[in-house]
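Notes for the one structure printed next.
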Protein chains: 2
Amino acid sequence: MLSKSYAKYIQSLHHKKFRDETGLFFAEGPKLVGDLLADKKFHCRSLLATADWQAHAVGWGGVAADEWIAVSAAELDKISALTTPNQVLAVFEQAAADGDFSPRGGLTLLLDGVQDPGNMGSILRTADWFGVCNVVCTPTCADAYAPKVVQGSMGSIARLNMVYTDALNWLAGHDGLPVYGAVLDGADVTTIGKIPEGILVAGSEGRGISAALLEQVSHKVTIPGKGGAESLNVAVAVGVILSHLC
Amino acid sequence: MLSKSYAKYIQSLHHKKFRDETGLFFAEGPKLVGDLLADKKFHCRSLLATADWQAHAVGWGGVAADEWIAVSAAELDKISALTTPNQVLAVFEQAAADGDFSPRGGLTLLLDGVQDPGNMGSILRTADWFGVCNVVCTPTCADAYAPKVVQGSMGSIARLNMVYTDALNWLAGHDGLPVYGAVLDGADVTTIGKIPEGILVAGSEGRGISAALLEQVSHKVTIPGKGGAESLNVAVAVGVILSHLC
């Protein structure tokens, strides 16, 4: 049974301010919640689950959560961020990012103001697919713990090191690495070949990479196109570029 | 001034049933509406615009629409499908698809149950970027004229020939072309090289390509990954595959 105050508490986690204050976030659905519980990166505070899911999870032989709260489908509907709530919502503790990681020996993704949570989630899933481990985000990017980002990343947030910081400062601290930037007037990305290490900068949906950051880009790259579209969706562009560089 | 009945009429266009009945759809925002008006593929029935946009559009020297309706920002808010309505909403007539196009001499995209309108819009924009002209969709795919698809395609729907039909029947009528299918256990798509003609099948978000359609795939292809993600977003996957095959 879900108390009114606890329902309100979960609803407040839809908002960044409250997620920041509490250091919590939530994930939904049997697949994603199961993956995050199995991964163990995030400590689970509460599992709010229907009888269906509870019956199913018992077979796992031990789910580590501080508390289980039985909820009805109607109660889940009230607290869910999904159009079609699905059996379980889990509240997790956010994990600290490693701001001191070395970008040497691999590719680091630098996101400059990617604001759409759907794009953000899709980019994280894509980075994880191509083996990118570290994602540096400007503070203007969508919050990695926003419900839509968590759901869209399909569990990849558990496997990525995500740092929100000033991009120019961060770049200044990692001099000497090639900095690739996704732009519309760069070199053909399909002809560059695999790169052993470097930074890939992708800009916001509306205005691309900011001027100050663009000055730090050593290799402008472009995805060759021949149709009528003026640009690609940023998540698609990141996927295409990573598939050619990684 | 927007009448109550006309506001209701526009709101009904949010739903596929009414779009099908009327043969209409709508697009929003100065950029997209401007592009669709300039492209002229879709005849414009009504322009519902704020004074700002009207003042701006006068400079174009002639916008072809059956009627202009001045609306306030608050009125636009009531009929808009956007979180942040933006100056103008235009009602267009849908255009007939060319079901008899020849898939010879190029790449045709075949979408099998892509249900998320955001993914659908992003795929159309991506197809357009890579010069794919024809998109065949199963009836289970998101409607190309749904507001989120129209907005996400960023004007690409005006440049694509989109056909909704039974995929198996359609394939049977175009025997002899290579049929590529995006799967998780196929050949490395980065080693195939450019293809002069063929069909690329992409499946639904949840279950991929349906079993019956998979039997018609002559070349299963996979995007090599090395991280922890189980799959890629379908729009990202289509972008990556097109960048290697086109």
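Every chain is numbered from 1, with letters handed out A, B, ... down the list of sequences.
Contacts from residues 105-124 of chain A to chain B, taken as heavy-atom pairs separated by less than 4.5 Å, involve A:Ser122 in sequence order. When the heavy atoms of residues 132-154 of chain A are compared with those of chain B, none of the residues falls under 4.5 Å. Within residues 223-233 of chain A, the residues having any heavy atom under 4.5 Å from a heavy atom of chain B are, by residue number, A:Ile223, A:Pro224, A:Gly225, A:Lys226, A:Gly227, A:Gly228, A:Ala229, A:Glu230, A:Ser231, A:Leu232, A:Asn233.
Here B:Ser243 is the residue among B:Gly239, B:Cys246, B:Ser243 with the most heavy-atom pairs under 4.5 Å with chain A.
Of the two parts of A:Thr126, the backbone and the side chain both hold a non-hydrogen atom closer than 4.5 Å to a non-hydrogen atom of chain B. For A:Arg125, the parts lying near chain B are the backbone and the side chain together; criterion is any non-hydrogen pair under 4.5 Å.
Within a 6.0 Å radius of NZ in B:Lys40, no more than 12 heavy atoms belonging to other residues, nucleotides or ligands are found.
In this structure B:His14 satisfies the ring pair (Phe, Tyr, Trp, His ring centres under 6.0 Å) test together with B:Phe26, sequence neighbours excluded.
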